[in-house]
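Here's the structure we're looking at; comments come further down.
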Amino acid sequence: MTEAAERVSGTSLLAWRNLSHDRARFVVTLVGVLFAVLLMGVELGLLLGFARTTSGLVDHTTADLWITPAGTTNVDIAGRLDERRRFEAMSVPGVAQVDRLMMQFAFWRKPDGGTESVSMVGFNLANGQGAPWNLVKGSIADLQQDDAVIIDTLYARKLGVTALGQTVEINNRRARVVGFTQGIRTFTQSPYVFTIHRNAQNFTFFRPDETTYLLVKLRPGADVEATRLALQARLGRVDVWRAADFAAQAQRYWLVTTGAGSALLLAALLGLVVGIVIVGQTLYATTVDRLPEYATLRAMGAPNRYLYAVILKQAAISAVFGFAGGMLMVWLVMLASAGSTVAVAMPPGLIGVLALLTAGMCALGALVSIRRVMRIDPTSVFQ
Amino acid sequence: MNRVLTLADVGVTYGRGATAFAALQGINLDIASGEMTLLLGPSGSGKTSLLQVMGCLLRASCGSVQLFGQALARDVGAEAMAALRLAHIGFVFQHYNLFPTLKAWENVAVALDIKQVPRAQQREQALALLARLGLADRAGHYPSELSGGQKQRVAIARALAGAPRILLADEPTAALDGKTGQGVAAALHELAHREGVAVVVVSHDPRVEPFGDRVLHLEDGRLVDDSRPSRSSA
C-alpha cells in the first residue's frame, strides 16, 4: 500500500482508509449500493425489455411508414384494412412499395389438449416485411405450405410443441410447426405465430381482400413527412405513422396506459431511495465517528473543500464497488432470464444511466455528512 | 528576532448578556520568531482561548491581532482564517490528534497535501521531517504502534510540514512520562532556536519550564506576568 499511498492524494487516502478500517460498516454500505443497483438495474432493464418487446414487430421491419386502421393504439391489437387501400397508397408520389401485414389473435389448441391465445402474424414472403428474425430451426421458405407456422422456442412449451413438424390446431384448422425462432417475445403473453399473409388470412377468417397493416417503403430521396401527410390525405379514415412513431406509440400504450411502466419505474425509484438512505446513514455514521479528525484537518488549515472531498471520495468508492457488485448481480439475473418470456435489456446506454444514478445516489447520501462537517468547529480539537 | 504576532488589547467573551463570560481581557503581547514562549496559568485562566486567538482559530471579541504586521479584519471569514493557519501556523495537541488509519509518514504527508506540495515530493519530505525528529525507523508504523513520545514527535513533524513560522502547542507533554516529556520540550526548544520558529507552548508541566525563553502567566483572563528567565536550558 505504501507505493499506492504515494500515488494517491491525501483525500483519496483518507477516504479509502476511513472505509477500509471499518470493514463491517463498509460492507453494509456496499450491500446497500449493490441492492439499489440491482433493483434499479432489473426494473429499468425490464422496462426497456418490455418497451422493446411491445414494439419488436415494428422495429424489425424496414418500412418507412405504417398505415393502420383508424384509432390503432398498438401493433398487437388492430382492426382491418381493405386491400384497395394498398393500391390507393401506391398511387401516392414518393411511395415505392406497399406490403400487407396481418396481425390477429387466434386460439391455439395444443397437441395434448388445452388452448392458448396466440397472435397470428402474416407477412409477405416475397419482401419479408414482418418476417420472423433469429430463426434457429427450420426455414422461412417452408411457410409457403398452407398449414405452416413458425413459433419461438421461448413459448414452445407453453404451446405444447416439442419438435419441428408437430401439428396443432389454430382456430380449429390444422397447423404444422416448420421453424423456431429464439427470443421473439410478446408483451401480451399471446405468443407470435408467424406465417405468410395468405395463411394468416385463412387461419383468422379474414377475407382475401382484408389485412391489418400496410407497410410503406419510400423511394430514395422522398420526404418522409410530406409523403406521410399525402398518404393521410389520400387514404382518409386510416392512421399513417412514421415507423419510429408507431413503435413509440406501442410502447406508450402498453407501458403507460396499462400502468406496467409506472410500476417498474416506481420499483426503480424505490431502489434509488433505499440506496440513498443506506449510503447516507452509513457515511454519516463514519463521519460522526471521525469528527475529531475532521476538526483536526480544519485546525491544520484545510479548506472546507478538502473535507468535502474526503467524504465525497468515500461516497465515490462505495459507488464504484457497489456498482460493480450490483451490475454483476444484474448480469446474473439477465443470464437467468435469457430463457424466459421476460427480457431484461441492458444496453450500454442504460449501464451509463445506472452508473450516473449510482453516483448521484451516493453523492446525495454524502450530503448529510457534508452538512455535518460544514458546522465543525476547529477549536473542538482543544477539548 | 522578528515580531510575528502582535495582540493589542485583545479580549474574548463567550455568550451574551447576563451569561456573558470574559475569557480574555486586555491582552497586549508580541510573539517573536526564534524563541520558545511558555504560557502558564491555572485551569480556566484563558490559556487555551489565547492560544486559539493566536492560532487564528478564534476571533477576538475586541482588540486587534496582527500577523506578520498585517491586521486581521474583525469579520474575517472561516475560510480566510483556515488559509492563514495553513500558510503560517502549525499545531501540536495534547492528545496528538494523529489520523489513526494513516501511517506516521502518511500523517505528515496529509499536512503537505493540504498545503498542495506536489504529490511526488510528499513522501520524501515527510520522511525527512520524521528523520529530523528521530523517527526514521517508525515512518511506516500506524499511530497505534507508536509510544506516546513517538506519537507526539510525529505530531510535531506534521505541524512542521510546509515550514510554518509559528508553532502552537497545547500541553504537548501532558500525556508523556518524565523523560519523554523532556525530550519533546527539548525538540520544541530546538525548533525555535535552530529554525527560527516562533514556538508558543501552553503547559502545566514543570518539566517544560526550563526550556522556555519567555514565560507568560495568565490569571482570570489577564496577562499578569511576562518574564524572561535568567537561564535557559537550551
Side-chain angles (χ1 to χ4, degrees), chain A residues 1-26 285-311 313-314 317 370-383, chain B residues 47-49 51-53 55-59 77-91 93-103 105-117 119-124 126 139-140 142 155 158-159 161-162 164 168 170-171 202:
Chain A
M1 189 64 199
T2 296
E3 284 185 7
E6 282 179 55
R7 287 195 297 269
V8 300
S9 67
T11 51
S12 301
L13 187 64
L14 276 168
W16 170 249
R17 295 282 176 79
N18 284 353
L19 291 174
S20 62
H21 274 70
D22 191 350
R23 287 183 190 162
R25 192 173 282 152
F26 188 31
T286 303
T287 303
V288 168
D289 279 357
R290 301 201 176 279
L291 279 180
E293 293 167 38
Y294 287 112
T296 302
L297 283 171
R298 195 73 175 127
M300 286 162 62
N304 272 332
R305 65 173 184 279
Y306 195 88
L307 276 58
Y308 304 159
V310 174
I311 294 171
K313 284 180 178 180
Q314 285 177 202
I317 292 167
I370 287 174
R371 279 177 58 88
R372 180 67 189 86
V373 164
M374 278 171 76
R375 299 198 309 270
I376 209 160
D377 178 5
T379 63
S380 64
V381 291
F382 292 100
Q383 289 160 5
Chain B
K47 300 187 299 294
T48 301
S49 293
L51 198 72
Q52 290 174 354
V53 170
C56 296
L57 286 162
L58 183 66
R59 288 184 198 87
E79 285 293 280
M81 299 259 279
L84 287 172
R85 293 195 295 274
L86 187 63
H88 303 297
I89 304 167
F91 288 96
F93 307 103
Q94 179 178 350
H95 297 294
Y96 328 123
N97 289 46
L98 297 177
F99 303 110
T101 61
L102 302 185
K103 294 171 182 173
W105 79 265
E106 292 167 345
N107 265 281
V108 181
V110 161
L112 294 165
D113 190 62
I114 298 170
K115 289 175 189 283
Q116 298 183 321
V117 171
R119 210 167 293 165
Q121 298 170 22
Q122 288 175 9
R123 185 165 196 263
E124 191 185 335
Y142 287 99
R158 183 178 68 181
L168 305 177
D170 182 39
E171 304 277 8
V202 166

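Note on naming: letters A, B, ... go to the chains in the order of the sequence lines (proteins, then strands), and numbering restarts at 1 for each one.
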Exercise for review: Select, from B:Cys56, B:Ala87, B:Pro100, B:Pro164, the one with the greatest count of heavy-atom pairs under 4.5 Å involving chain A.
Suggested key: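 Ranked by contacts with chain A, first place is B:Pro100.
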
Is chain A contacted by the side chain of [X], its backbone, both, or neither, given a heavy-atom distance below 4.5 Å?
| X | result |
| --- | --- |
| B:Gln94 | neither |
| B:Ala126 | neither |
| B:Ala111 | both |
| B:Glu124 | neither |

Point to revise | Min side-chain heavy-atom separation B:Phe91-B:Leu51 under 4.5 Å | key: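 Contact flag for B:Phe91/B:Leu51 side chains = no.
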
Practice item. Using a cut-off of under 4.5 Å on heavy-atom pairs, state which of A:Thr11, A:Asn18, A:Leu14 scores highest against chain B. Key: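 Most pairs with chain B among the choices: A:Leu14.
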
Point to revise | Side-chain ion pair, A:Arg298 and B:Glu79, N-O less than 4.0 Å | key: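 The answer is yes: the pair qualifies as a salt bridge.
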
Review point. Ignoring hydrogens and geometry, is there a side-chain-to-backbone donor-acceptor pair from B:Asn107 to B:Leu98 under 3.5 Å?
Key: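 Not confirmed, B:Asn107 side chain does not pair with B:Leu98 backbone.
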
Exercise for review: Kindly say whether B:Phe93 contributes a backbone atom to a donor-acceptor pair with the side chain of B:Asn97 at under 3.5 angstrom?
Suggested key: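 Checked: no pair found.
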
Point to revise | Spacing of OG1 belonging to A:Thr296 relative to NE2 belonging to B:His95, to within rounding of 0.5 Å | key: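 Between atom OG1 of A:Thr296 and atom NE2 of B:His95 there are 11.5 Å.
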
